[in-house]
Amino acid sequence: MKLRFALVSSLVAASLMLAGCDNASAEAQESATISIEHAQGTTQVPVNPKKVIVLNPSTLDIVDALNIPVAGVPQNSTHLPPFLAKYSGNAVLNAGTLFEPDYEALSNAKPDLIIAGGRARDAYNKLSAIAPTIALDIDSQHFIDSLTQRTEQLASIFDKQQEAKTLLDNFNQKITAVKAKSANAGTAMVVMISGGKMSAYTPGSRFGFVFDVLGFKPAANFTQTGRHGNVVSSEFILQTNPQWLFVLDRDNAIGRTEGQSAQQVLDNPLIAKTDAWKNKHIVYLDSASLYIAGGVQSYSQLMDKISSTLDQAKQGQ
């Protein structure tokens, strides 16, 4: 009887020790942190945080591609592209606007991690007082390196390394395929139209991806590479005469319906004389994806459209 009691006691003690080890392991995993360098400093963030707020649509683009759960995003006056529309509505917390977070709602939500940056960069200090905050902005002048770094950082936080590798491998394969097609496609111009006015973007600028990564030759050289581009006219476009014209409609991107569309602005006798118009090489891009978001999915979709258009142009020769 004494032997049986001793054996049972030993088994119970061993079970408690194992349970204690499991609990300690779980607690250690929950308390683990990782150091993340970002656009506004270096921050210790929890590994596999449960409640995550994403304020920057370009980061949301990548987070969504990696299937990372999101607890809240800006919804006020925010026009997300269709592939991110699932983050609108009551399923996720309304975190304010792209420029002004709802600090009270965020504080009450008690998030484990806030991913800011983008249009909410000025809110960083206030957000950091609520929860660990990182700003994973993408550097347009070093787009591929920056996009790769941000994707890998997110993967390291959420243990998504294999998913990130597959995502980036597919992305780079698309780049290689499009560059092979664009090598002899001729000159191009990237134009954003807003309120009836046109701005052209250069290599190294916010929308320089077409030149810097895909290899199109710029039809014109500009001294400014700022976020708002260089003001151009129909006369200037005719003078530079690009073989390709890639167009973003800002009004459409932000949900503004009044005024002329990009197609209406470009439908004039001067643009009609350009090679781009004559050869049907005017490509209207998904403006909401690129202007509002602009992450790995946005640019993957951009490459799909340009690749398809180049194929059609080659068949039409």
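This structure is a prediction, so every number in the text was calculated from the model and none was measured. All residue numbers refer to positions in the sequence shown, counting from 1.
Annotation: side chain of Ile134 is in contact with side chain of Ile157 (closest heavy-atom distance under 4.5 Å). Looking at Asn221 and Thr202, their side chains never come closer than 4.5 Å, going by heavy atoms from C-beta outward. You'll find the side chain of Leu285 reaches within 4.5 Å of the side chain of Leu302, heavy atoms only. Looking only at side-chain heavy atoms (C-beta outward), Val210 and Ile306 come within less than 4.5 Å of each other. Within the 4.5 Å cutoff, no side-chain heavy atoms of Pro218 are placed close to those of Thr187. Contact of the Asn252 side chain with the Arg256 side chain is not registered, since no non-hydrogen atoms from C-beta on lie closer than 4.5 Å. Side chains of Val247 and Val190 form no contact here, defined as non-hydrogen atoms less than 4.5 Å apart. In this structure, Thr274 and Ile237 have side chains that are in contact, with non-hydrogen atoms separated by less than 4.5 Å.
Under the 4.5 Å side-chain contact rule for hydrophobic residues, Tyr291 and Phe83 share a cluster. When hydrophobic clusters are built by joining Ile, Leu, Val, Met, Phe, Trp and Tyr residues whose side-chain heavy atoms come closer than 4.5 Å, directly or via intermediates, Tyr87 is grouped together with Ile254. Linking ILVMFWY residues whenever their side-chain heavy atoms come closer than 4.5 Å, directly or via other members, leaves Val231 and Leu266 in distinct clusters. By the criterion of side-chain heavy atoms lying less than 4.5 angstrom apart, applied directly or through intervening Ile, Leu, Val, Met, Phe, Trp or Tyr residues, Leu66 is grouped together with Val296 in one hydrophobic cluster. Both Phe143 and Ile292 sit in one connected hydrophobic cluster of ILVMFWY residues. Membership requires side-chain heavy atoms under 4.5 Å apart, directly or through other members.
Residue Leu248 holds its CG atom at 5.5 Å from CG of Leu290, rounded to the nearest 0.5 Å. Here Arg121 contributes atom CZ and Gln40 contributes atom CD; the two are 7.5 Å apart, rounded to the nearest 0.5 Å. For the atom pair CG of Leu214 and OG of Ser182, the computed distance is 6.0 Å after rounding to the nearest 0.5 Å. Distance check, rounded to the nearest 0.5 Å: CD of Gln162 to CG of Leu167 gives 11.5 Å. Within the model, atoms OG of Ser233 and CG of Asn268 stand 10.0 Å from one another, a figure rounded to the nearest 0.5 Å. If you take CD1 on Ile144 and CD on Gln149, they are separated by 13.0 Å, rounding to the nearest 0.5 Å.
Minimum interatomic distance between Asn67 and Lys160 (heavy atoms only, all atoms of both residues): O-NZ, 3.5 Å. Between Leu127 and Ile114 the shortest heavy-atom distance is O-CD1, 3.8 Å. Counting all heavy atoms, side chain and backbone alike, Lys278 lies closest to Ala272 at CG-O, 3.8 Å. Pairing each heavy atom of Gly295 with each of Ile62, the nearest pair is CA-CG1, 4.4 Å. Minimum heavy-atom separation, Ala200 to Val232: CB-CG1, 3.8 Å. What you find for Leu147 and Thr151 is that their closest heavy atoms are O-OG1, 2.8 Å.
Remark: the backbone N or O of Glu37 is paired with a side-chain donor or acceptor of Gln153 at under 3.5 angstrom. Side-chain atoms of Lys217 come within 3.5 Å of backbone atoms of Ala183 as a donor-acceptor pair (strictly under, hydrogens ignored). Using modelled atom types, one side-chain atom of Arg150 and one backbone atom of Asp137 make a donor-acceptor pair closer than 3.5 Å. Without hydrogens or angle criteria, Asn230 side chain to Ser199 main chain gives no donor-acceptor distance under 3.5 Å. Looking at Ser287, its side chain never comes within 3.5 Å of a backbone N or O of Ala253 through a donor-acceptor pair. Formation of a donor-acceptor pair under 3.5 Å by the Thr240 side chain with backbone atoms of Pro242 is not found in this model. Within the 3.5 Å criterion, the main-chain N or O of Thr133 finds a donor-acceptor partner in the side chain of Tyr124. Remark: the backbone N or O of Asp251 is paired with a side-chain donor or acceptor of Asp249 at under 3.5 angstrom. The main-chain N or O of Ala109 is found under 3.5 Å from a side-chain atom of Lys51 such that the two form a donor-acceptor pair. For Thr59 (side chain) and Leu55 (main-chain N/O), no donor-acceptor pair under 3.5 Å exists by modelled atom type.
For the pair Arg206 and Phe211, the cation does not sit on the ring face, since its NZ or CZ is not both under 6.0 Å from the ring centre and inside 45° of the axis.
With respect to the salt-bridge test (charged N to carboxylate O, under 4.0 angstrom), the residues Lys305 and Asp286 do not qualify. Salt bridge status for Lys86 with Asp64: present, with a side-chain N to carboxylate O gap under 4.0 Å.
Within 6.0 Å of the CG atom in Asn108, the count of heavy atoms belonging to other residues, nucleotides or ligands exceeds 12. The environment of CG in Asn184 is sparse: at most 12 heavy-atom neighbours from other residues, nucleotides or ligands sit within 6.0 Å.
Residues satisfying the side chain to side chain contact (heavy atoms under 4.5 Å, CB included) test with Asp102, not counting sequence neighbours, are Glu104, Ala105. Scored by the side chain to side chain donor-acceptor pair (under 3.5 Å) test, Gln301 finds no partners at all (sequence neighbours excluded).
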### Query
Could you go step by step and tell me if Ser205 and Phe222 meet the side chain to side chain contact (heavy atoms under 4.5 Å, CB included) rule?
CA-CA 11 Å; Ser205 70; Phe222 299 95; over 6 Å; no
### Task
Assess whether side chain to side chain contact (heavy atoms under 4.5 Å, CB included) is satisfied between Gln297 and Ser289, documenting all intermediate values.
CA-CA 8 Å; Gln297 293 185 87; Ser289 291; over 6 Å; no
### Query
Please walk me through it: do Thr43 and Ser35 pass side chain to side chain contact (heavy atoms under 4.5 Å, CB included)?
CA-CA 6 Å; Thr43 303; Ser35 180; over 6 Å; no
### Task
Quick one: do Phe158 and Val52 satisfy side chain to side chain contact (heavy atoms under 4.5 Å, CB included)? Show the steps, please.
CA-CA 11 Å; Phe158 295 94; Val52 181; 3.8 Å; yes
Contacts table for residues 70-78: side-chain donor-acceptor under 3.5 angstrom, sequence neighbours left out:
residue, atom, partner, partner atom, Å
Gln75, OE1, Gly89, N, 2.8
Gln75, NE2, Gly89, O, 3.1
Gln75, NE2, Val92, O, 3.2
Asn76, OD1, Asn94, ND2, 2.8
Thr78, OG1, Asn76, O, 3.0

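In this structure, Tyr284 has its ring center at least 6.0 angstrom away from the ring center of Phe246. Phe171 and Tyr299 have their aromatic ring centers separated by at least 6.0 angstrom.
Counting only N and O atoms by type, the side chains of Ser307 and Lys181 include a donor and acceptor under 3.5 Å apart. Checked by atom type, the side-chain pair His142/Asp145 shows no donor-acceptor distance below 3.5 Å. The closest side-chain donor-acceptor pair between Ser298 and Asp61 falls under 3.5 angstrom.
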